[in-house]
Amino acid sequence: MPDFYYAMVSPPCRAALLTAKAVGVNLNLKTIDLSKEEHKKPEFLAINPQHTVPTLVDGDLTMWESRAICTYLASQYGKSDSFYPSNPKTRARVEHMLYFDMGTLYKRFGEYAYPVVFRGEQPNPEKLESLHEALGWLNDALAGHDCVLAASVSTFEAGGIDLGRHSRVATWLANCKTSLPGYDEANAPGAAIFGSFAKPALSK
Amino acid sequence: MLSDGVDDTNRLVAFHRPALAAMPLDLYYCITSPFCRSVLLTAKALGVELNLKEVDIWAGEQHKPEYLALNPEHTVPTLVDGSLVLWESRAICTYLITKFGKDDALYPRDAVIRAKIDSLLYFDIATLFPRFKTFVASQLGGKRDATYEEKKEKFFEGLNWLERFLSRGNFAAGTDHITVADMVLVPSVTSLAESGFIPDEYTRTHEWVRRCKDGMVGYEEANGEGARLVGERIKRMISSPA
């Protein structure tokens with residue numbers, strides 16, 4: 001059983017948890033408390049010098065980068081290719097979304113929310129608009145279910161981002177909540193925990 | 001037996017291949033962009049013909065209505081392959097290999113090796129290159145802003161991780177042969193190097209760049225020239241007032 005080092009509040013961790021649920025692989029869960037800087041302790045640095053979560057150890061494979069972990073779990077353990085289709089064009093569209101999440105959507109959320117939530121800075125309206133721009137692109141592109149995007153976007157919602165401005169995103173997320181296997185266990189609690197401290201900070 | 005989606009697709013592709021081979025793919029690109037150069041290197045390695053369409057991002061051509069209609073995110077590169085319009089360079093690279101590769105050497109199907117490669121593609125987009133960008137932004141026009149020291153520390157932290165990753169084998173993913181991880185990383189890293197941002201003591205990085213230069217088909221055309229151009233531009237941005 002692979003070891004999975006994670007923090008519940010982290011959307012990238014929840015993306016991997018959702019994927020594990022979807023393809024039916026059990027993970028040996030090891031919590032890392034980021035607020036206590038457990039990711040910077042020597043034991044964890046020895047495993048991952050980049051000190052990020054999630055980190056996966058599967059036999060002699062040690063890896064991080066959540067989206068690579070998701071595709072690895074789907075490839076290695078998936079009984080069918082439904083969560084990570086092997087058809088080149090379909091797969092290209094899926095991978096496009098993973099990079100869009102990492103390089104644009106989740107990135108812009110982090111740039112807006114994390115200075116406020118974790119460093120006590122004032123919310124920046126321009127950065128919020130930049131996030132809405134990215135949500136707009138998501139709104140235009142959406143089709144079907146997605147573990148990685150659901151983890152990110154549910155986090156935005158928990159933080160008080162108004163998804164009503166993007167009707168397809170709101171509908172899609174509602175769908176994910178009922179249709180993604182194990183959503184209530186793998187994603188909902190973490191999003192709620194994040195929202196409990198982020199939403200008050202961001203609504204200043 | 002039309003029972004497996006993948007087989008159906010392969011049969012369709014094989015049937016249509018003569019027509020497909022006659023129809024080069026369109027690639028909208030800018031030679032200074034390392035993300036575009038990854039695609040060019042990959043296409044060279046595969047022997048895939050690209051119909052190159054320049055987009056001068058420094059002059060804002062990516063914001064023209066015709067381009068926005070194609071790619072509302074106004075990024076380069078963008079690939080058009082028949083009905084597929086695709087951006088996100090790393091997804092383009094892996095798509096080209098999956099579709100046109102005669103074998104899986106550039107992007108092995110083995111789940112473990114592929115996971116190591118994929119990790120490096122994400123490292124490039126979210127860690128290495130962004131930290132370089134923000135470090136450059138903190139010192140424009142010969143003036144270091146308040147975030148300069150913090151950005152410098154983050155930049156060298158990323159570079160140290162790269163140096164460490166590159167000590168695992170001849171090529172980036174710990175392999176003995178070139179993979180798409182090298183195709184994606186070398187344009188970013190050479191942009192950094194040509195801008196003067198990689199000190200000599202990063203010996204593993206410099207040696208790996210040399211191995212890529214020697215081993216990659218069409219390196220000079222796909223990457224060498226573009227890296228030098230962007231290096232010159234960045235040096236100007238840092239030294240002279242805007």
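Residue numbering restarts at 1 for every chain, and letters A, B, ... go by the order of the sequence lines.
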Hey, is NZ on Lys154(B) packed in by over 12 heavy atoms from elsewhere, all under 6.0 Å?
no
Residues, nucleotides or ligands: over 12 heavy atoms within 6.0 Å of Lys21(A) NZ
no
Can you check whether Trp161(B) reaches Pro49(A) side chain to side chain, under 4.5 Å on heavy atoms?
yes
Minimum heavy-atom distance Ala68(A)-Ala115(B), with the two atoms named:
CB-O, 4.1 Å
Proximity breakdown for Trp64(A) and chain B, heavy-atom pairs closer than 4.5 Å
both
One option among Ser83(B), Pro72(B), Pro130(B), Gly158(B) has the most heavy-atom pairs under 4.5 Å with chain A, and it is Pro72(B)
Does Glu66(B), at its CD atom, have more than 12 non-hydrogen atoms belonging to other residues, nucleotides or ligands within less than 6.0 Å?
yes
Please report the interatomic distance OG1(Thr71(A)) to CG(Leu121(B)), rounded to the nearest 0.5 Å.
9.5 Å
Can you say whether Phe165(B) sits under 4.5 Å from chain A via the side chain, the backbone, both, or neither, judging by heavy atoms?
side chain
Has Glu121(A) got more than 12 heavy atoms of other residues, nucleotides or ligands less than 6.0 Å from its CD?
yes
For the residue pair Tyr95(B) and Arg91(A), establish whether any side-chain heavy-atom pair is separated by less than 4.5 Å.
no
Tell me, for Arg109(B) versus chain A, whether the close heavy atoms (under 4.5 Å) come from the side chain, the backbone, both or neither.
neither
Under 4.5 Å from any heavy atom of chain B - which part of Thr104(A):
side chain
Between Met63(A), Arg93(A), Met102(A), the one whose heavy-atom pairs under 4.5 Å with chain B are most numerous:
Met102(A)
Is there a side-chain contact between Arg114(B) and Tyr72(A) in this structure, where contact means two heavy atoms from C-beta onward sitting under 4.5 Å apart?
no
Tell me, yes or no, whether the heavy-atom count around Glu111(A) atom CD, taken from other residues, nucleotides or ligands under 6.0 Å, exceeds 12.
yes
Test side chain to side chain contact (heavy atoms under 4.5 Å, CB included), reference Lys89(A), set Leu86(B), Thr98(B), Asp81(B), output is Asp81(B)
Between atom CG of Asp110(B) and atom OG of Ser75(A), what is the distance when rounded to the nearest 0.5 Å?
10.0 Å
Any side-chain heavy-atom pair of Lys116(B) and Leu61(A) under 4.5 Å:
yes
Answer yes or no: are there more than 12 heavy-atom neighbours, outside Arg164(B) itself, under 6.0 Å from its atom CZ?
no
By a 4.5 Å heavy-atom criterion (distance strictly below it), what part of Arg90(B) contacts chain A: side chain, backbone, both, or neither?
both
Any side-chain heavy-atom pair of Ile92(B) and His96(A) under 4.5 Å:
no
Any side-chain heavy atom of Gln50(A) within less than 4.5 Å of one from Thr127(B)?
yes
Considering all heavy atoms, the nearest Ile125(B)-Tyr99(A) contact
CD1-O, 4.1 Å
Relative to chain B, which segment of Glu65(A) carries a heavy atom at a distance below 4.5 Å: side chain, backbone, both, or neither?
side chain
